[in-house]
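Here is the structure we will look at, set down as structure tokens.
Atoms within each ligand, like the ligands themselves, are counted from 1 in listed order. No experiment lies behind these values; they were computed from the predicted model shown.
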Amino acid sequence: MKINIMLGVSSAAAQIEGGGFVHTWSGWYEKGRIHDGSNPARANDHLNRWKEDIDLMAQMGITIYRLSVEWARLEPAKGRFDKEAVMWYRRLLEYMKSKGISPLLTLHHFTNPLWFEESGGFAEPANIPVFLDFVEFAVRQFGDLVNEYVTINEPNVFAVMGYHTGVFPPGKKSVIAAMKVQSVMACCHIQAYSLIHRLRKEMGYADTKAGFAHHARVFVPKNGRNIRHRICACVSSWMFQDALTSACLLGKFAFPLKNYSKAPRGQYADFLGLNYYTRSTVTSLADGVREGCARNDLGWEIYPEGIETSARGLYRLLERPVYITENGTCDNNDSFRCRYIYDHLKILENSVLPVERYYHWCFTDNFEWCEGESARFGLVHVDFDTQKRTIKKSGDFYRAIIKNKNVTEEMYNEYVNAQKYNVQ
Ligand code: BGC
């Protein structure tokens with residue numbers, strides 16, 4: 001199978017850096033909300049081992065890397081920016097570039113500085129300019145090194161997990177609040193998109209690309225003949241992802257979203273960023289997994305076809321190149337990740353959509369939010385006690401695909417053929 005899509009890897013600051021930075025997830029750890037009790041202050045110690053990690057990436061032939069900056073590190077108090085943190089990221093970005101690795105930089109990936117959270121965070125429309133000030137700062141500091149940006153990672157997951165199910169900070173349980181947060185984040189994205197373009201233009205650059213990373217999945221009724229199941233599938237899809245898609249991509253805010261910043265309709269993405277993991281089989285307005293399907297180690301259905309269906313949903317609204325900004329799986333023993341990668345790439349390669357890039361989630365095992373260190377998504381194994389990195393079999397497979405731009409029959413037999421998903 002020939003591979004024309006560019007293959008890279010993805011990560012997020014709070015999940016790999018470690019260090020004692022005060023953000024919402026340090027607070028969440030202190031409240032005992034991480035299932036295995038692990039502390040994001042440890043994570044992968046990427047803060048000290050960044051060079052080793054980039055060297056490993058280069059060794060694997062990786063040339064594109066989606067990473068994020070930690071807002072709480074860069075702006076530890078409102079309006080007070082930290083020069084050391086800026087220099088750390090600049091050194092990292094410069095080093096990546098010297099190794100031939102291009103950054104796609106995410107400006108917000110789930111964590112907020114505590115001072116921002118305390119002032120209402122993204123539940124407060126008056127905070128939209130506060131986020132934009134940070135975006136402006138980041139682009140002024142890194143704009144000479146970075147031309148491609150993801151404004152916000154998964155506003156829907158952030159909103160639903162933090163404000164509806166309450167498993168992410170701040171742990172609220174209100175659908176109304178979750179929809180308000182989605183609205184505020186959509187406004188932030190739209191304005192950040194325009195701001196990034198304006199600032200880089202002023203800096204003399206014409207090659208800027210910006211978008212957001214949308215978490216989309218397929219919602220299907222458990223029983224297609226059951227009208228309640230069908231309605232719940234449609235409503236869930238609308239509330240969780242579709243209303244947000246059109247707000248962020250086009251500035252079209254339909255019920256239940258609200259355009260707090262009165263941004264005009266437009267086209268607010270240069271690429272369609274898609275984070276794809278699973279499908280939901282529903283009987284109510286809650287998530288569900290059907291019985292007897294292939295599942296990963298967190299119980300999520302493995303449904304490769306959904307990556308194309310989800311991308312098509314975005315492309316229907318705005319015809320832009322598709323970047324799979326995240327796709328990967330929790331496979332603690334690395335026993336089916338090669339098959340997972342192969343199956344998803346096959347669907348993407350056969351698609352008529354302009355899929356240009358695929359960033360595997362994740363480069364290394366890392367701090368997986370509520371699951372802590374217990375859920376492994378990496379191509380590279382991390383022993384969290386010793387911080388030793390070891391390329392997994394799936395990492396070898398990925399390296400071989402990048403090198404050959406192909407999955408040959410030999411590679412298929414070596415890496416994929418014997419692997420099976422767990423069916424439950
Ligand atoms: C998030 C990542 C996370 C991954 C696996 C995505 O929703 O953007 O931060 O680690 O899923 O759960």
Side-chain angles (χ1 to χ4, degrees), residues 8-18 23-25 28-29 33-36 38 40 43-44 46 65-71 104-112 122 150-165 167-169 178 181-182 185 189 211-218 240-241 244 248 273-280 287 289 295-303 306-307 310 323-332 337 340-341 344 358-380 382 384 394:
V9 288
S10 199
S11 78
Q15 293 182 266
I16 59 170
E17 287 180 0
H23 55 57
T24 34
W25 279 83
W28 214 228
Y29 160 75
R33 299 296 298 265
I34 314 300
H35 302 162
D36 66 352
S38 46
N44 296 8
H46 179 69
Y65 174 32
R66 173 180 171 229
L67 71 163
S68 77
V69 285
E70 185 57 64
W71 183 5
L104 170 59
L105 193 69
T106 305
L107 299 173
H108 186 276
H109 194 128
F110 289 174
T111 44
N112 286 338
F122 289 102
V150 166
T151 54
I152 300 180
N153 180 70
E154 300 186 347
N156 54 347
V157 172
F158 178 90
V160 169
M161 305 286 268
Y163 291 83
H164 175 43
T165 62
V167 294
F168 278 16
V181 170
Q182 284 201 30
M185 288 186 121
H189 160 71
F212 81 113
H214 198 6
H215 180 113
R217 56 178 61 185
V218 178
F240 181 68
Q241 59 197 22
L244 184 75
C248 285
L274 171 65
N275 294 358
Y276 175 78
Y277 289 92
T278 191
R279 135 170 110 166
S280 288
D287 226 358
V289 185
R295 295 187 193 215
N296 76 4
D297 290 348
L298 288 173
W300 305 354
E301 181 177 359
I302 298 172
Y303 179 64
I307 200 167
S310 301
Y323 291 3
I324 303 301
T325 34
E326 284 182 31
N327 173 244
T329 196
C330 177
D331 173 11
N332 292 329
R337 187 175 284 102
Y340 182 99
I341 292 171
H344 285 79
Y358 173 95
Y359 293 87
H360 190 78
W361 183 273
C362 187
F363 178 53
T364 49
D365 294 333
N366 56 53
F367 175 79
E368 173 53 35
W369 308 116
C370 293
E371 309 298 332
E373 293 165 359
S374 65
R376 295 183 178 269
F377 278 79
L379 294 170
V380 173
V382 174
F384 292 99
S394 54

Checklist entry - Of all the non-hydrogen atoms in the protein, which one sits nearest to atom 1 (C) of ligand 1, and at what distance? => result E326 OE1, 3.3 Å
Checklist outcome for this item: side chain to side chain donor-acceptor pair (under 3.5 Å) filter on Y358, not counting sequence neighbours, yields N327, H360
Next on the checklist: The criterion is salt bridge (charged side-chain N to carboxylate O under 4.0 Å, His left out); which residues satisfy it with R295, sequence neighbours excluded?
Outcome noted: none
Checklist entry - Just heavy atoms, cut-off under 4.0 Å: does F367 contact ligand 1 by side chain, backbone, both, or neither? => result neither
Checklist entry - Hey, is N153 touching ligand 1 through its side chain, its backbone, both or neither, going by heavy atoms under 4.0 Å? => result side chain
Next on the checklist: Under a plain distance cut-off of 3.5 Å, with no hydrogens placed, do T24 and N112 share a side-chain donor-acceptor pair?
Outcome noted: no
Next on the checklist: I want to know if ligand 1 touches W300 in the polar sense, i.e. an N/O pair below 3.5 angstrom.
Outcome noted: no
Item to check | Geometric cation-pi criterion, R66 with Y359: 6.0 Å, 45° | outcome: no
Checklist entry - Which residue holds the protein heavy atom closest to atom 7 (O) of ligand 1, what is that atom called, and what is the gap in Å? => result E154 OE1, 2.5 Å
Checklist entry - Are the aromatic ring centres of F363 and H46 under 6.0 angstrom apart? => result no
Item to check | Proximal atoms of ligand 1 relative to F377 (non-hydrogen, under 4.0 Å) | outcome: 5 (C), 12 (O)
Checklist outcome for this item: If you scan protein heavy atoms around atom 4 (C) of ligand 1, the nearest is Y277 OH, 3.4 Å
Checklist outcome for this item: Looking only at non-hydrogen atoms, the one of H109, E368, H215, E371 nearest atom 5 (C) of ligand 1 is E368
Checklist entry - Under 3.5 Å, is there a donor-acceptor pair linking the side chains of D36 and S38? => result yes
